[in-house]
There are 2 protein chains.
Amino acid sequence: MSELEAPTIADVAERAGVSTATVSRVINQTAPVAEETAARVRAAIAALNYHPSAAARGLASRKTSLIGLLTTEISTSFFTPILSGIEAGAREAGLGLLIHCTQDEPSPGPGYHRPMGPHNTDGLLVFAASLEDAELIYLYETGFPVVLLHQSPPDSLDIPYVTVENKSGARKLVDHLIEVHCYQRIAFLRGPESHEDSYWRELGYREALEAHGMPFDPTLVATGGFHKEIAQVAVGQWLKEGVEIDAVFAGDDESATGVITALHQAGKRVPEDIAVVGFDDVHMADYLMPPLTTVRAPIEQTGREAVRQLVRLIRTGHAEPLVLLPTELVIRRSCGCNS
Amino acid sequence: MSELEAPTIADVAERAGVSTATVSRVINQTAPVAEETAARVRAAIAALNYHPSAAARGLASRKTSLIGLLTTEISTSFFTPILSGIEAGAREAGLGLLIHCTQDEPSPGPGYHRPMGPHNTDGLLVFAASLEDAELIYLYETGFPVVLLHQSPPDSLDIPYVTVENKSGARKLVDHLIEVHCYQRIAFLRGPESHEDSYWRELGYREALEAHGMPFDPTLVATGGFHKEIAQVAVGQWLKEGVEIDAVFAGDDESATGVITALHQAGKRVPEDIAVVGFDDVHMADYLMPPLTTVRAPIEQTGREAVRQLVRLIRTGHAEPLVLLPTELVIRRSCGCNS
DNA sequence: TTGAAAGCGCTAACAT
DNA sequence: ATGTTAGCGCTTTCAA
């Protein structure tokens, strides 16, 4: 447990018989160095097991080599693959990843302690509604690189954002329910208000109904919160009230799980009595009983792509204003197909 | 997009009419400051929206206020709650969290670039086998704070570690299978070798058999890899070979999902024909068909606790050598109960 | 209770 | 191709 002092660039320079500037040059490949000299430096680095101090480097170069991720959730089946994609993207870009979950935190009033920002990162990834608009706007005006994930920018500022084709995915899904299975009474479960995804999915749902001349019935819409338990009680409520339902579009796969469970508990068969479909195609979707018909959203890619855009923004000052990743219908059995 | 220069401590000092030292004192509460002065400083900080540079602070104080997390996986149902606990723990401790997934990376030969260590963090959380023993030993000898998660230290060094009571949990589970359900041929699915958890669970399995005078039969053990697909094919293999099985202890819930699916596909009923039990009690466990009997491992707490120990280690130089979180049997239906 | 000033370990501009 | 040196923005003695 002896607190050994870590070697500094000066130690390396001394051992290699060069100046610290030269050591810096071979480390950062920022200027040509004679191969023989470079070799000596590398040897010294290896011998001393030298690793440059991130703080010193950051202070001198004014960059942290870190990106930050602000999120509202962390262990949901939806966010988890996104995080995976982000981590992989950051790693590939040679950037460290700082993460922070925003929960019951004070609004940015006076004395607000920003967990991440220009003081400790080179750029920020902001998932869903994890940052107040005011903060977002402040960062934007300040010229700090930010990319939004599954959320559009406030005040239509041109902050780049990446998300999936929610509306058209939902549209395809509900079209399938109507056209192939001829379901008439299709229910929809909303996600939490903080998820813009839910808003677009509902729009797709409504468009599908309208396109087929079917009325939008408010009694067929409830809140599932993108959450198993919440969806479960919502369905229980419908059942108790005797609402007539042919199929339920659960908003996401997580909710679909709760819906299926509620239906089973009520003695209903899926899909014979009531069909169920989800959205996202999370890992579990294929393992539910019955296997879940859903929309594949490339959410891991969403994370990777967000990092790519953020890196572009950091390095060039520009990025794609909007990246919309395509979604794809995944037919399994819960909709009534293949059964 | 104007690249505004961020205010420095000097700007704050000037605006408040004090020295930078005083500003530092009110920020860090490192020495008494007259309340009236402090108020002026705080006002200046708020007015300028000042946030101290992490790099400068780190360089001067020789601490980063960051902890690092090294892991082999990130989006598994097992790791996800751990991460959640770690993030919450770090947030509560006022520390930033840096995460890095170690995948197909070069061994620490010459020129090895350590993603995290003394150069960029105050301490490290190491999950499972995410860091080579050599590196671990080096960090240990260097006196750098490290806490292990779900893994014991190499060479029995006294590096603190936290994990769950795998062996006794498995023992209780298999005891239940034997004593309550009288299953004779109980199969076991191993996890990946990199997961020490699997080793201890197997030990619990073997002890339970032995305690009941039942032979250990190698043909009843295969590798499920803590993975749905792998478990699925392992079970398929058993079925194809006609191995007689009463129940399978899947190693973890993830595998159990694959086992149940394989059994369903083969036309077997769970638990009537073959019972299935898991380990971990992940979120999905209660939503499988049938609901999964398993062992509740407080894995989110495991993450929180690891952070607590790491913080202790950083601040005091000492921590609990071993924290073993208790596990608890969760009886649902897949074992044959309540059906 | 406060200020002055010396670094912390790097990078980068400027010399040579 | 390489060395010198002036900061980067803080914290922390040391004085006052």
Side-chain angles (χ1 to χ4, degrees), chain A residues 3-42 44-45 48-66 96 113-114 117-122, chain B residues 3-42 44-45 48-66 96 113-114 117-122:
Chain A
E3 281 288 350
L4 297 184
E5 275 313 306
T8 72
I9 199 173
D11 298 321
V12 175
E14 185 182 349
R15 191 176 225 273
V18 298
S19 71
T20 60
T22 297
V23 176
S24 177
R25 288 183 187 111
V26 350
I27 291 175
N28 302 303
Q29 302 182 323
T30 186
V33 172
E35 178 47 33
E36 191 224 358
T37 312
R40 279 207 326 277
V41 170
R42 278 191 294 266
I45 289 176
L48 296 174
N49 203 317
Y50 167 73
H51 292 264
S53 147
R57 210 206 269 249
L59 186 54
S61 68
R62 303 154 143 295
K63 57 181 56 164
T64 63
S65 293
L66 256 34
H113 169 64
R114 188 182 287 127
H119 62 293
N120 60 358
T121 55
D122 293 343
Chain B
E3 280 288 352
L4 296 183
E5 276 311 308
T8 71
I9 198 172
D11 299 321
V12 175
E14 185 182 350
R15 192 177 225 273
V18 298
S19 70
T20 60
T22 297
V23 176
S24 176
R25 289 181 187 113
V26 350
I27 292 176
N28 303 302
Q29 302 181 322
T30 187
V33 172
E35 177 47 35
E36 192 226 357
T37 313
R40 277 205 330 273
V41 171
R42 279 192 293 266
I45 288 177
L48 296 175
N49 203 318
Y50 167 74
H51 293 264
S53 147
R57 209 206 269 250
L59 187 54
S61 68
R62 302 153 144 293
K63 55 181 59 165
T64 63
S65 293
L66 254 35
H113 170 67
R114 188 181 287 125
H119 62 293
N120 60 357
T121 55
D122 293 342

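By convention in this document, chain letters (A, B, ...) are assigned in the order of the sequence lines, proteins followed by strands, and residues within each chain are numbered from 1. Please read all numbers here as calculations on a predicted model, not as lab measurements.
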For this session: On DNA chain D, check which nucleotide each of A:Leu59 and A:Ala38 is closest to and give me the residue with the more 5' one.
Result: A:Ala38

Exercise. Between A:Ile9 (CD1) and C:dC10 (C1'), how many Å, whole number?
Worked result: 6 Å

Seminar exercise, completed: Here the gap from B:Leu59 atom CG to B:Thr64 atom OG1, rounded to the nearest 0.5 Å, amounts to 12.5 Å

Exercise. Using a distance-only test with no angle check, is there a side-chain donor-acceptor pair under 3.5 angstrom linking A:Arg57 and A:Asn28?
Worked result: yes

Exercise. Atom CD of B:Glu14 and atom P of D:dG9: how far apart are they, to the nearest Å?
Worked result: 15 Å

Exercise. Are OP1 or OP2 of C:dT2 and a side-chain N or O of B:Thr37 less than 4.0 angstrom apart?
Worked result: yes

For this session: Starting from C1' on C:dC10, measure out to CG on B:Asn120 and report it in whole angstrom.
Result: 15 Å

For this session: Round to the nearest Å and state the distance from A:His119 atom NE2 to D:dG9 atom C1'.
Result: 14 Å

Seminar exercise, completed: Judged by nearest nucleotide, the residue sitting upstream toward the 5' end of DNA chain C, B:Arg25 or B:Arg62, is B:Arg25

For this session: Counting heavy atoms from C-beta on, name the nucleotide in D:dC10, C:dT2, C:dA12 closest to the side chain of B:Ala56.
Result: D:dC10

Problem set entry | Beyond-backbone contact of A:Val18 with A:Val23, side-chain heavy atoms, under 4.5 angstrom | yes

For this session: Find the distance A:Glu5:CD to C:dC8:C1' and express it as a whole number of Å.
Result: 11 Å

Problem set entry | Over 12 non-hydrogen atoms of neighbours within 6.0 angstrom of CD in A:Glu35 | yes

Exercise. When all nucleic acid strands are considered with a 4.0 Å heavy-atom cut-off, which category describes B:Ser24: base, sugar-phosphate, or nothing?
Worked result: base

For this session: Measure from the side-chain heavy atoms of B:Ser19 and tell me the nearest of C:dT2, D:dC10, C:dG3.
Result: C:dG3

Exercise. Between atom CZ in A:Arg57 and atom C1' in D:dC10, what is the gap in whole Å?
Worked result: 19 Å

For this session: Output the single nucleotide from C:dT1, C:dT2, C:dA4 whose closest atom is nearest the side chain of B:Ala21.
Result: C:dA4

Exercise. Where is the tightest heavy-atom contact between A:Thr22 and A:Val33, given as atom of each residue plus distance?
Worked result: CG2-CG1, 4.2 Å

Problem set entry | Length of the CG-P vector between B:Asn28 and C:dT1, whole Å | 17 Å

Problem set entry | Spacing of B:His51 atom NE2 relative to D:dG9 atom C1', expressed in whole Å | 16 Å

Problem set entry | B:Val18 side-chain proximity, nearest of C:dC10, C:dG3, D:dC10 | C:dG3

Problem set entry | Residue A:Thr22, side-chain atoms from C-beta onward, closest of D:dT2, D:dG9, C:dC10 | D:dT2

